[in-house]
> 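Next up is a structure, given as structure tokens.
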Amino acid sequence: MALLCLIAVLGGPYLTDIATEAMIYTVMAVGISIFMANSGIVSFGHVTFALVGAYASAWQTCCAGMRGVFMPGLPQFLLDSKTPVLLAALVASLLASVVALVSGAAIMRLTGAAASIALLSLLFIVKTIYENWDSVTAGQSSLVGLPLYVDMWTAFGFASAAIVIAQVYNASSFGLLLRATREDEAAARASGVNIWRQRLIAFVISAFVTGAGGVLYGHYLGTLAVNVFWLDMTFVTLAMVVVGGMRSLTGAVVGAFAVTGLRQTLLALERGVDLGGVSISLPSGAQEIALAVILLLILTFRPQGLVGDNEMTWFGGARDSS
Amino acid sequence: MRSLNLHSMLLGIAGIVLASPTLAADDEVLIGAPTSFSGWMAAFDTSPTRAAEIAVDDINAKGGLLGKKVRLVHIDTKTDPAETSKAAQALVRQGAKMIMTACDFDSGAPAALVAQAASVIAISSCGADMKYGNMTIGNDVFTMATDAEATGRTIADWGAKKKGWKTAYVLTDTFIEYDKSLCRGFLSRWKELNGDQSIVLEDSFKNADVSVASQISRYKDLGKPADAMIICSVPPGLASAIRQFRSAGVEIPILEGTGGDGSAWHSAVPGLSNFYYLNYSADAGVTEPRPDAEAFFKAYEKKYNERPGSGQGITGYSVVQAWAKAVERAGSFDTDKVRGEMEKFTDEPLLAGLTTFTPKLHTNVNRPMLIISVMDSKPVPLGYYDIRKGDFVTWW
């Protein structure tokens, strides 16, 4: 990742933007992966936490004097708050965790497809609430003026922190217990593992990290709208985790970079590239189609993703995560 | 991990090759257009962006601007805010002197923020949200649109004064911010002219609602028909709502803002009649009264083999036109000087209509708009209505 930053610095500002975006997506993908890789449950709902995190940060830091105009329904202490951005990011991510704790307490009792569908409905519910809670989220119109503090190095810092959190969790006994439930639910239960509790712990931690990803996204663009955190983002982040490898943390990181790189390359091709005087361009919309086709190919021929079960370690060797 | 590094290096190198920007040459000046040609915003951004191209052609045909050739660089932002922000940043770095932003505040705000931070003028084509014009982002941001509330006030003024309608039924589609503002403006002007009791019913629906049967029965149960109704909405919800009201025997005049624009949806309401909407200029199928606007439509048809899909497309022409006029008057591309000239616009006869900006307001609240009547599916322009005069005006 650091190498990529270096390439980006050498490659000029446009590449820096792409690297920043890739790193923001890495945070989200790692967040999703903490839950998905260890529990084996495909989550269609994690974008919810990015949404909650992004708005919670906006409540604390957005819009200078305009906060009361955009969000008149905020409690007074939030209207007056001058929280430093990083503290705000922490608080916002914690709020995402709280939402995960409350909703997860119920959803984590489900397994398999039922849990995936319940997670998707969580996204629907929270999005609808945020879209109609006009006085606090500005409803369907966008918030403008979030402090723009996210540059490539900030995103790099957040991505590194996210990876450390995920590593620590994976190495902990909680991570091990949850992976045991992924491999064989009945055996894990028979060995005394409280499946509900283990899933909930992972869910809360992963919501924290995904929430931080949402915070970064908002402060990278400077504007927020509820409909950004919707099916497109769900698809892209899931594609990252699936392409990289659904069962490992390295997979999420590799996937985030591979998918961002692929999207940007296709996008550049759509816009037209000049190669020795010959201009080549793909028809518009090719990016989405190509991404979907690649996703299908990977699911068909390499269902375990680019890296499969392998995890990279601090020492450079590969080990099996399970 | 080795494979990851190799992978990212390849991607990185590909990125460097693909992303090397073309900088502005000395004898040309760049205009950046980070707008959407794909995704749902494509329907709103395509014709304004093409119209801007025509404005650039016109300027270059007359010898350019301050001795420089104008070049418009468009980057498709795919209705994605992150792409919009990145595209705007790339354009600013290439040296764009003006950024044309999307026909919608939410989609265009990321680009406008980038432009403002870089002290580059940003002008939206048809973004009618007040936030484009009231310094929410900053003083370098303008919009060629007529403010949504002002549009609602104009159609109310016309209905009350020219048609003599006294009572109104207001139906708001709460799906889009523009429609909420439109109905808000209509309500305030209607009450000013006809009194607080003149609104028989206020109701709402959502664009995706399959049925408006409950709204219809609430209206019919009142037992006192209104002189007119306004439906603040956009197709397809608009077409479906009108059709259901007409089928239920509600034949009163129906008013609409610029959301009724374009005749493509008329076929969804067979025999559409007694329908009135307003727009910046005539849309497809309507004869444009202004010769300069008609000339623009011809040029557009010649270049793109079709007329603009909507009457809002013309605002894109004026994005370039307004900026170029200000540049010429300022004799410079300097942002502060150009902004100063734009803020002096008072009823400036641009293609988008008479345009007025002030240091406090970078959108139009008093612009005459073309009122179009539809009878038996045939749209007829009634003329440009000026709310300040309470009458139709001509300025050409």
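Note that these values count all heavy atoms, side chains included, but never hydrogens, waters or copies made by symmetry. First the proteins, then the strands, lettered A, B, ... as listed; each starts at 1.
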> For chain A, which of B:S85, B:P110, B:A112 has the most heavy-atom pairs under 4.5 Å?
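So the answer, after comparing B:S85, B:P110, B:A112, is B:P110.
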> Just checking A:W133: does its CH2 atom have more than 12 heavy atoms from other residues, nucleotides or ligands closer to it than 6.0 angstrom?
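12 or below, so no.
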> Check step by step if side chain to side chain contact (heavy atoms under 4.5 Å, CB included) holds for B:D80 and A:M233.
CA-CA 10 Å; B:D80 178 335; A:M233 190 184 266; over 6 Å; no
> Show, in sequence, the C-alpha distance, side-chain angles and deciding distance for B:K86 and A:L221, and conclude whether the side chain to side chain contact (heavy atoms under 4.5 Å, CB included) test is met.
CA-CA 9 Å; B:K86 277 187 298 189; A:L221 289 183; over 6 Å; no
> Given a strict heavy-atom distance threshold of 4.5 Å, which part of A:D232 is in contact with chain B: side chain, backbone, both, or neither?
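Interface part for A:D232: neither.
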> Against chain B, label A:L267 side chain, backbone, both or neither, depending on which of its atoms sit under 4.5 Å from a heavy atom there.
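Contact with chain B involves the side chain of A:L267 alone.
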> Got a salt bridge between B:K180 and A:D134, using NZ or NE/NH1/NH2 to carboxylate O under 4.0 Å?
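Looking at A:D134 together with B:K180, the answer is yes, because their closest N to O distance falls below 4.0 Å.
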> When you compare the side chain of A:T16 with that of B:Q89, does any pair of heavy atoms fall below 4.5 Å?
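Counting from C-beta outward, B:Q89 and A:T16 never come under 4.5 Å.
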> Please look at B:T84 and chain A and tell me whether the side chain, the backbone, both or neither of the residue comes under 4.5 angstrom of a heavy atom of that chain.
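Interface part for B:T84: neither.
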> Please check if atom OH in A:Y149 has more than 12 non-hydrogen atoms from other residues, nucleotides or ligands closer than 6.0 Å.
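Buried by this count: over 12 neighbours within 6.0 Å.
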> Check whether any side-chain heavy atom of A:Q264 lies under 4.5 Å from a side-chain heavy atom of B:E83, and answer yes or no.
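A side-chain contact under 4.5 Å exists here.
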> Out of A:N227, A:L148, A:V144, return the one with the most heavy atom pairs under 4.5 angstrom to chain B.
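Max contact count across the listed options: A:V144.
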